Structures are given as structure tokens and as C-alpha cells.
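Keep in mind that what you see is a predicted model, and the values were worked out from it rather than measured. These numbers come from the heavy atoms of this one structure, side chains and all, not from hydrogens, waters or symmetry mates.
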Amino acid sequence: MGRKITNLKVSTEEIKALLQCKPEVRYQYTLKRIADTERMWTVVGSKAPFAVLNYEDKRLLPVWSSKEYAQAFCINDRAKFKSIAITLNNFEEYVIDFICNEELLINVFPTEKEPIGKIVSLNKFAEDLSILLKEYE
């Protein structure tokens, strides 16, 4: 089994470069980093377990690969949000049920300038992540 990285340090240069990338590139990056660390980041508001974003007729749960990217999203009208880490175990035990019950899609790596990242279903997200996780077995 491959060695997992528990804490991901993100350089300022990496942040600047990735924020310029297209949503698909940020999606693939995010999946790889989640597989590396076995954790993802999202944001919470004051009233619900997670901050759910609305886009057209869709309800979205935003996720990122690191705290730095999640915090960079929490500015201006989203300044009230707080970033939190979710382990893969917690994702499987609690968050999947929340996503299903709330009929959410996953908004992978939104940014301040592009608040809609790559929107995927829970099944697509889980399948793509599963492929990368198998590399560690």
C-alpha cells in the first residue's frame, strides 16, 4: 500500500497557478490531492451542517483539496463561511447521506472569480476518486 500524505502544504506559487486553470484541471488536481491525503475541505455556514451554494436550479456542495483553497473562497459575501476538513471515512459515513438527502451535486474547486468549478454527481465524484485510491492499494 502506498504512503499517504496527511497534511498538504500548498505554496503561494501553486495557488496562483491553479487558480488560473480551467475547472477540469482543478477537478483532476483535487481528486489526486484527496487521494494523497484522504481528506477534502468544504465550508460551513452558521445554520446548516454545510454551506450549500445555489446555481440555476442546482444545489451544490463545494469541495477543495486543501484548507488554503477553501479559505480563499470565503471572502466578500462568503466571508461568514468557515473551512473544515472531512476525512474520507467521515465523507462515507456522514456526508454522502447529507448529499443524497439534500439532492446535491458536488462543486469541485470553485474559486472567487469562478464560483462554479466542475459540477459532478456524487456517483461521478466517487467513481473518479475510487480509481485514484486504487493506486494506493
Do the side chains of [Y] and [X] get nearer than 4.5 Å, heavy atoms only?
X	Y	value
Glu112	Asn76	yes
Leu18	Cys21	yes
Lys67	Val10	no
Leu104	Leu60	no
Trp41	Ser65	no
Thr111	Pro115	no

Distance from [X] atom [atom1] to [Y] atom [atom2], nearest 0.5 Å?
X	Y	atom1	atom2	result
Ile34	Leu132	CD1	CG	9.5 Å
Glu135	Ile131	CD	CD1	9.0 Å
Ile75	Gln71	CD1	CD	12.0 Å
Asn123	Ser130	CG	OG	11.5 Å
Thr30	Ile106	OG1	CD1	11.5 Å
Lys134	Leu129	NZ	CG	11.0 Å

*Take Glu103 and Arg59 through the salt bridge (Lys or Arg N to Asp or Glu O under 4.0 Å) test and state the conclusion after the steps.*
CA-CA 7 Å; Glu103 299 179 357; Arg59 298 180 68 235; over 6 Å; no

*Kindly indicate, with the supporting measurements, whether the criterion side-chain contact (heavy atoms from CB on, under 4.5 Å) is fulfilled by Val95 and Leu61.*
CA-CA 10 Å; Val95 182; Leu61 177 71; 4.0 Å; yes

*For Gln28, what residues pass the side chain to side chain donor-acceptor pair (under 3.5 Å) criterion, not counting sequence neighbours?*
Glu24

*Considering only NZ, NE, NH1 and NH2 on the basic side and carboxylate oxygens on the acidic side, decide whether Arg26 and Glu114 come within less than 4.0 Å.*
yes

_Please find the pair of heavy atoms, one from Gly117 and one from Pro23, that lie closest to each other, and give the distance._
C-CB, 3.8 Å

*What are the two closest heavy atoms between Leu105 and Lys58, and how far apart are they?*
CD1-CD, 3.7 Å

*asked:* Tell me whether Asn90 contacts the main-chain N or O of Ile86 through its side chain, where contact means a donor paired with an acceptor under 3.5 Å.
replied: no

*Determine yes or no for a side-chain-to-main-chain donor-acceptor pair under 3.5 angstrom, with Thr42 supplying the side chain and Pro62 the backbone.*
yes

Do the side chains of [X] and [Y] join up, straight or via other hydrophobic residues, at under 4.5 Å, putting them in one cluster?
X	Y	result
Leu31	Ile15	yes
Val25	Ile116	no
Val63	Ile96	yes

*Between Tyr69 and Phe109, what is the ring plane arrangement, given parallel below 30°, perpendicular above 60°, and tilted in between?*
tilted

_Partners passing side-chain contact (heavy atoms from CB on, under 4.5 Å) against Lys124 (at least two apart in sequence or in another chain)_ = Tyr27, Val120, Ser121, Asp128

*Is the count of non-hydrogen atoms from other residues, nucleotides or ligands lying under 6.0 Å from Lys80 atom NZ greater than 12?*
yes

*asked:* Strictly by ring pair (Phe, Tyr, Trp, His ring centres under 6.0 Å), give each pair with a member in residues 71-95 just once, sequence neighbours left out.
replied: Trp64-Phe73, Phe91-Phe125

